[in-house]
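Read the structure below first, then the notes.
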Amino acid sequence: MSIALIIPDRDLTDLQQRLQQALPQTKVEIWPNVTEVEQVSFALVWKPPVGSLSSLPNLNAIQCFGAGVDAIFLDKAVPSVPIARIIDDRLNQTMVNYLDAIVSHYRLRFDRFSQQQQQQVWKPKSPRKLANICILGLGELGTAAAKHFVSLGYKVSGWSRRAKNLSQISCYHGDAELAMAVAEADVVICLLPLTAQTENLLDAQAFAKFKNDSIFINVARGAIVDDQALIAALNSGKLQAACLDVFRQEPLPTDHPFWQHPAIFITPHISAVTNIESAIEQTVINYQRQQQGLAMLNLIDRTQGY
Ligand code: GLV
C-alpha cells in the first residue's frame, strides 16, 4: 500500500519526509512520480489535476489538504471513494485573525488613509460605525468567525443553505432568507463552500439586497461572486468597499479590473493557509483509520459537495 501526494506546483519534500517518518511501513510518493499506481490506496490532494485520481485503480480514500474540496470535483471522474477535509481549530483561528484585521482596517478607515497618503493628504476622520456583521456560510470557519464577532460585541447574522441554530447569532437559511440576513449588515463576509448551488450566488440581484454602503469581504471562493456585478455594485456606491482574498482564477490575471479598482483591497489567498502540522496529523489519523476499516474523520458529503 502506498500514499500519493497530489499537490502540484509546490515543493513537497518536507511534507513527504514527515509523512514518511510518521508512517514508516507505507511508501509516500509524490504524484506523478509514483512507482506502482496499483499500490496507491490513499491520496493527499490539493487542486489535483483532472485525471490524476482516476489514474489510481486501487484508491480507497482521498484526504484534501485544505478546508474546501471544490477543486477535487472539477474532475468529473473522481473515483467514488470517501473524501475527508481539514477541520482545524488552528485554521479557524487563522481565519478569525484575518477577518478581525480586515474589519479593523475598514473600521479605522485605513483604506481611505492609504489613498490619502498617496496624495500626501492629511485629513483625520473618525472610525466608521460598523455594528452589524453578516456571515454567509455557517460551517466550521463561518461559525468560528460569527462567534468571534459576537464576542467583540457586534450584532451578527448568519446565512446558510440549511437551517442552523447558533446562540446570539440571527440565523437565516435558504434563498428566500438571504435578503433578511444581509439587510442590516454593515459588513458581509462570504465563507460559503463553492458548489453548484453557490456558484455565482452573489450576482447583481444578491448585491441589490445588501445594505447601502456596506463592505463586502470574500474569503471563500472567487466563483461564488459574479465579478462584473461586484464591480457594478462598487461603482454605483451600493457597496463602499470590498476586500477579496479569493478569485475565479488564481493568481488573479494582471489585466483583471479588480487590481486597479480604488475600492477593492486584494490579498493573495492567504486568509487561512493550511497548518502543515495539522495536515500531517489528520492525514496520518485518516490513513490509519482507513487501513483499519474505520470511517475517516471530517468526511464530506459528496451529494452536497462539501
Ligand atoms: C483554502 O482555501 C482552503 O480551502 O483550505
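Read the numbers this way: they start at 1 and go in the same order the structure lists the ligands and their atoms. The basis for the numbers below is simple: all heavy atoms, side chains too, and nothing from hydrogens, waters or symmetry mates.
With respect to atom 1 (C) of ligand 1, the closest heavy atom belonging to the protein is H269 NE2, 3.6 Å. Ranking the protein heavy atoms by distance from atom 5 (O) of ligand 1 puts A67 N, 2.7 Å first.
Ligand 1 has no nitrogen or oxygen under 3.5 angstrom from a nitrogen or oxygen of G66. Polar contact check, L91 against ligand 1: no nitrogen or oxygen pair lies under 3.5 Å apart.
Residue contacts with ligand 1 include R221, since one or more of its heavy atoms lies under 4.0 Å from the ligand.
No side-chain heavy atom of L99 sits under 4.5 Å from any side-chain heavy atom of S271.
Shown here is Q168, whose CD atom has no more than 12 heavy atoms of other residues, nucleotides or ligands within 6.0 Å.
Taking 4.0 Å as the cut-off between side-chain N and carboxylate O, R128 and D111 count as a salt-bridged pair. Salt bridge annotation for E277-R18: present, with a cationic side-chain nitrogen under 4.0 angstrom from a carboxylate oxygen. A salt bridge links R90 to E281: one of the charged nitrogens lies within less than 4.0 Å of a carboxylate oxygen.
Atoms of ligand 1 lying under 4.0 Å from any heavy atom of G68, numbered from 1 in the order shown and given with element: 3 (C), 4 (O), 5 (O).
Residue W46 touches ligand 1 through its side chain alone, judged by heavy-atom distances below 4.0 Å.
Judged by distance alone, with hydrogens and angles left aside, the side-chain atoms of Q240 form no donor-acceptor pair with the main-chain N or O of S214 at under 3.5 Å.
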